[in-house]
Amino acid sequence: MLENAEYLGTGHLLATRALARYNDHVFHLLSRRLPRGGKLAEFGPGLGDFAERFQKAGMPVDAVEREGEFQEGLRKFSPRVVSTLAELPGLYDAIVAVNVLEHIEDDGAVLREFFAK
């Protein structure tokens with residue numbers, strides 16, 4: 001199970017999954033600003049808490065998740081699951097990253113990649 005996963009942040013992801021009201025609020029803030037019918041991607045969706053919310057709201061979101069052990073579970077919620085931004089085809093109307101950028105050393109470089117996509 002995921003509790004035994006190699007990724008060191010798995011425990012944190014499992015804990016934040018339990019914060020349903022917080023996650024619902026963040027999703028509400030995000031979804032009201034995203035273009036309906038636009039091409040969306042989520043960077044670092046982890047276990048898919050937000051990808052599932054996007055799917056239920058009728059807003060399909062492609063997933064960029066480098067941790068291979070999470071990718072299969074994400075396929076339930078995302079039409080496309082890839083390991084890197086470079087694997088996403090074409091351009092996107094929006095890319096979201098929830099509780100992710102603070103864990104990336106060169107977050108500026110990642111933001112530039114978002115903008116290029």
Original post:
Can you list the residues that meet the salt bridge (Lys or Arg N to Asp or Glu O under 4.0 Å) rule with Glu72, with sequence neighbours excluded?
Top reply: Arg75
Original post:
What do you reckon, is CD of Glu102 surrounded by more than 12 foreign heavy atoms closer than 6.0 Å?
Top reply: yes
Subject >> With Asp93 via side-chain hydrogen bond (donor to acceptor under 3.5 Å, both in side chains) - residues at least two apart >> reply: none
Original post:
According to the side-chain hydrogen bond (donor to acceptor under 3.5 Å, both in side chains) rule, which pairs have a member within residues 79-88, sequence neighbours left out?
Top reply: Asp62-Arg80, Gln71-Ser83, Thr84-Glu87
**OP:** May I ask you to decide if Pro60's main-chain N or O and Gln55's side chain share a donor-acceptor pair within less than 3.5 Å?
**Re:** no
**OP:** Calculate, to the nearest 0.5 Å, the distance between atoms CD and CG belonging to Glu67 and Leu47 respectively.
**Re:** 10.5 Å
**OP:** Only counting residues at least two apart or in another chain, list the ones meeting ring pair (Phe, Tyr, Trp, His ring centres under 6.0 Å) with Phe43.
**Re:** Phe114
**OP:** Please collect all ring-ring contact (aromatic ring centres under 6.0 Å, His included) contacts where either partner lies in residues 74-94, sequence neighbours excluded, each pair once.
**Re:** none
**OP:** Output all residues satisfying side chain to side chain contact (heavy atoms under 4.5 Å, CB included) with Tyr22, sequence neighbours left out; order by chain, then residue number.
**Re:** Leu19, Val26, Asn99
Subject >> For Asp107, all residues meeting salt bridge (Lys or Arg N to Asp or Glu O under 4.0 Å), sequence neighbours excluded >> reply: none
**OP:** Identify whether Val82 and Val110 are in the same connected component of the hydrophobic contact network (ILVMFWY, side-chain heavy atoms under 4.5 Å).
**Re:** yes
**OP:** Please name all residues satisfying ring pair (Phe, Tyr, Trp, His ring centres under 6.0 Å) with Phe27, sequence neighbours left out, ordered by chain then number.
**Re:** Phe54
**OP:** May I have the step-by-step check of salt bridge (charged side-chain N to carboxylate O under 4.0 Å, His left out) for Glu52 and Lys56, ending in yes or no?
**Re:** CA-CA 6 Å; Glu52 181 177 13; Lys56 286 180 179 177; 3.3 Å; yes
Subject >> Hphob cluster co-occupancy, Ile104 + Val64, side-chain heavy atoms under 4.5 angstrom >> reply: yes
**OP:** Identify, with sequence neighbours excluded, every residue that meets salt bridge (Lys or Arg N to Asp or Glu O under 4.0 Å) alongside Arg112.
**Re:** none
**OP:** Give the cluster check for Val98 versus Met59: same hydrophobic cluster or not, with ILVMFWY residues linked at side-chain heavy-atom distances below 4.5 Å.
**Re:** yes
**OP:** Report yes if the side chains of Asn23 and Phe50 come closer than 4.5 Å at any heavy-atom pair, otherwise no.
**Re:** yes
**OP:** Measure across Ala63 and Leu74 and return the closest heavy-atom pair with its distance rounded to 0.1 Å.
**Re:** CB-CD1, 4.3 Å
Which pairs of donor and acceptor atoms, one on a side chain in residues 32-41, lie under 3.5 Å apart (sequence neighbours left out)?
from  : atom 1 : to    : atom 2 : distance (Å)
Arg36 : NH1    : Ala57 : O      : 3.3
Lys39 : NZ     : Pro89 : O      : 2.9

Subject >> Contact check, side chains of Glu42 and Ile95, non-hydrogen atoms, under 4.5 Å >> reply: no
